[in-house]
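Since the structure is predicted, the reported quantities are computational estimates derived from the model, not experimental observations.
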Amino acid sequence: MLAHGQTVIQYVERLAPKSLAMEGDKIGLHVGTLQKKVQKVMVALDVLESVVDEAIAEGVDLIVAHHAVIYRPLKHLRTDLAAGRVFEKLIKHDIAVYTAHTNLDVAVGGMNDWLAEAIGLVDLDVLDVLQKEAWKKLVVFVPATHKEAVFTAMSEAGAGHVGNYSHCSFQVQGTGTFLPGDGTNPHIGSQGKLEHVEEVRIEMVVPASRQAAVIKAMQAAHPYEEVAYDVIPLDQSGQAYGIGRIGYLPTPLTLRDLAQLVKERFSLQGLRVVGNLDETVKKVAVVGGDGSSFASKAIFKGADVLLTGDIGYHIAHDAQADGLSIIDAGHNIEKIMKQKLADYLLEQLKANGYETKVVASSVHTDPFQFV
């Protein structure tokens, strides 16, 4: 069974919801349609002509990219120019292009987590928090005979997660009453007769983003025709979302050794370093892409070094004056997303019985080289 294009994107957006994208970011479907069956998906960092040629050769129906294929407004679509040929080939071969950019950067388990994990950082935290997810408390009343089924369904749908703990709930027994009226089909009791039933009150915290899914799972597992439940907003906030990560090296390294580690882990020919190469560093901030606007945040949070993909000349001067070392490894380190996202999508598709194939683009798209 082949997955529908929209199904593939649902898995992408489960990892990287659109709501996490920064304002004005060019995410979503850029070319083609998702209203079709998909035999093969390709994950790419950039959608260049060489990548499109690779997709054609591989028989790809859908490209999921990190960088937008339409970023600036198009002034023309000339097929005698390189940019126009990209769109001509995509359309002629019915290849759709979907972009997940800052939403993938911000996502838990997304781009910046992958970059941080690649160099072994531990005790990770968000570098620049953009939002915190609202929490709700879902309270449901269920007959004692079905409490485990309802509790399990809610837990598996995303309720009851507190820190590194799951299946967290508060349960108390009591007596529920109801009088089935005309036209009802009660699971317990009969029309016109007041019933007293031993019930359990189950309370669980739920992220706002999972509220609908948890309620749906709860209702499916609940035996009653009409389910009694409450959704209570909470002042506490849940998961923090934002750009970048900050964490610690398991063992302190010199800036020189950390730079060498970065070169090895990301298969780089070279990189730029700001700071004393013999200085020992331990706390590292990571920002995929252009990290110029996050140097001050890294300093504020006590980072010894900022690892990023692009840094401005004057920003580097300012950081150096403030004692922050910088490793500019190039924007292309984000290529780590190709295999990571491909593996994730393939796992999701297989788990749901789909035979759609997923591959990572093998085309090297870094325009820079060292000589």
Side-chain angles (χ1 to χ4, degrees), residues 3-36 38 40-48 51-52 54-55 60-72 86-87 90 95-118 126-128 130-131 133 209-210 239 241-245 286-291 309-310 331-349 352 354 356-363 365:
H4 202 263
Q6 191 60 55
T7 301
V8 176
I9 298 309
Q10 285 176 355
Y11 296 139
V12 175
E13 293 179 357
R14 184 178 297 175
L15 171 65
K18 283 185 172 183
S19 60
L20 297 182
M22 298 181 73
E23 185 176 356
D25 193 17
K26 308 298 191 299
I27 64 169
L29 183 65
H30 281 208
V31 178
T33 179
L34 297 174
Q35 306 305 316
K36 61 179 181 179
V38 176
K40 185 178 284 190
V41 180
M42 174 177 284
V43 179
L45 177 61
D46 307 290
V47 186
L48 306 182
V51 174
V52 176
E54 178 188 24
V60 167
D61 304 292
L62 170 62
I63 296 174
V64 178
H66 186 51
H67 294 143
V69 66
I70 302 177
Y71 183 71
R72 302 176 184 87
V86 168
F87 296 105
L90 288 170
I95 300 174
V97 178
Y98 178 93
T99 297
H101 189 222
T102 52
N103 50 326
L104 186 61
D105 291 334
V106 169
V108 176
M111 178 69 80
N112 282 291
D113 283 318
W114 294 332
L115 293 172
E117 291 165 3
V126 176
L127 178 63
D128 187 23
L130 301 177
Q131 59 179 282
E133 184 163 38
S209 63
R210 299 299 301 165
Q239 176 69 53
Y241 296 98
I243 296 293
R245 299 293 183 264
V286 177
V287 178
D290 188 347
D310 281 309
H331 209 121
N332 198 251
I333 59 171
E334 291 184 322
K335 65 190 177 188
I336 194 172
M337 61 79 58
K338 295 191 292 183
Q339 194 61 57
K340 290 288 189 178
L341 185 55
D343 289 344
Y344 162 80
L345 285 176
L346 188 59
E347 179 182 354
Q348 296 297 313
L349 289 164
N352 289 278
Y354 294 111
T356 296
K357 297 179 181 179
V358 185
V359 296
S361 172
S362 61
V363 173
T365 59

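- The side chain to side chain donor-acceptor pair (under 3.5 Å) test applied to Y98 returns E13, not counting sequence neighbours.
- Using modelled atom types, one side-chain atom of N112 and one backbone atom of G288 make a donor-acceptor pair closer than 3.5 Å.
- L29 CG to L62 CG: the interatomic distance, rounded to the nearest 0.5 Å, is 8.5 Å.
- Residues V31 and I95 share a closest heavy-atom pair of CG1-O, 4.0 Å.
- With hydrogens and angles ignored, the 3.5 Å screen pairs a side-chain donor or acceptor of N103 with a backbone N or O of H101.
- Remark: the backbone N or O of I70 is paired with a side-chain donor or acceptor of H30 at under 3.5 angstrom.
- Here the shortest heavy-atom pairing between I336 and A118 reads CD1-CB, 3.8 Å.
- Closest non-hydrogen pair, A65 versus V47, comes out as CB-CG2, 3.5 Å.
- Checking side-chain atoms of T356 against main-chain N and O of A3 turns up a donor-acceptor pair under 3.5 Å.
- R14 contributes atom CZ, which lies 11.0 Å from atom CG of L345 (distance to the nearest 0.5 angstrom).
- In terms of heavy atoms, V60 sits closest to I63 at CG1-CG1, 4.2 Å.
- Taking 4.5 Å as the limit, some side-chain heavy atom of K18 sits within range of a side-chain heavy atom of I27.
- The structure places NE2 of H67 at 10.5 Å from CG of L48, a figure rounded to the nearest 0.5 Å.
- Between L15 and L341 the shortest side-chain heavy-atom distance falls below 4.5 Å.
- Residue M337 comes nearest to A44 through the heavy atom pair SD-O, 3.6 Å, listed as atom of the first residue, atom of the second, then distance.
- If you take CG on D105 and CH2 on W114, they are separated by 10.0 Å, rounding to the nearest 0.5 Å.
- Considering only residues two or more places apart in sequence or on other chains, S362 meets the side chain to side chain donor-acceptor pair (under 3.5 Å) condition with E54.
- T365 OG1 to L45 CG: the interatomic distance, rounded to the nearest 0.5 Å, is 4.5 Å.
- The minimum heavy-atom distance between L130 and I243, with the atom names listed, is CD1-CG1, 3.9 Å.
- With hydrogens and angles disregarded, a donor-acceptor distance shorter than 3.5 Å links the side chain of Y344 to the backbone of Y11.
- No side-chain heavy atom of L346 sits under 4.5 Å from any side-chain heavy atom of D343.
- Within a 6.0 Å radius of NZ in K338, more than 12 heavy atoms belonging to other residues, nucleotides or ligands are found.
- H66 places a side-chain N or O within 3.5 Å of a backbone atom of A100 that can act as its donor or acceptor partner.
- Annotation: side chain of V126 is in contact with side chain of R245 (closest heavy-atom distance under 4.5 Å).
- Going from atom CD of Q131 over to atom CD of Q239 covers 10.5 Å, rounded to the nearest 0.5 Å.
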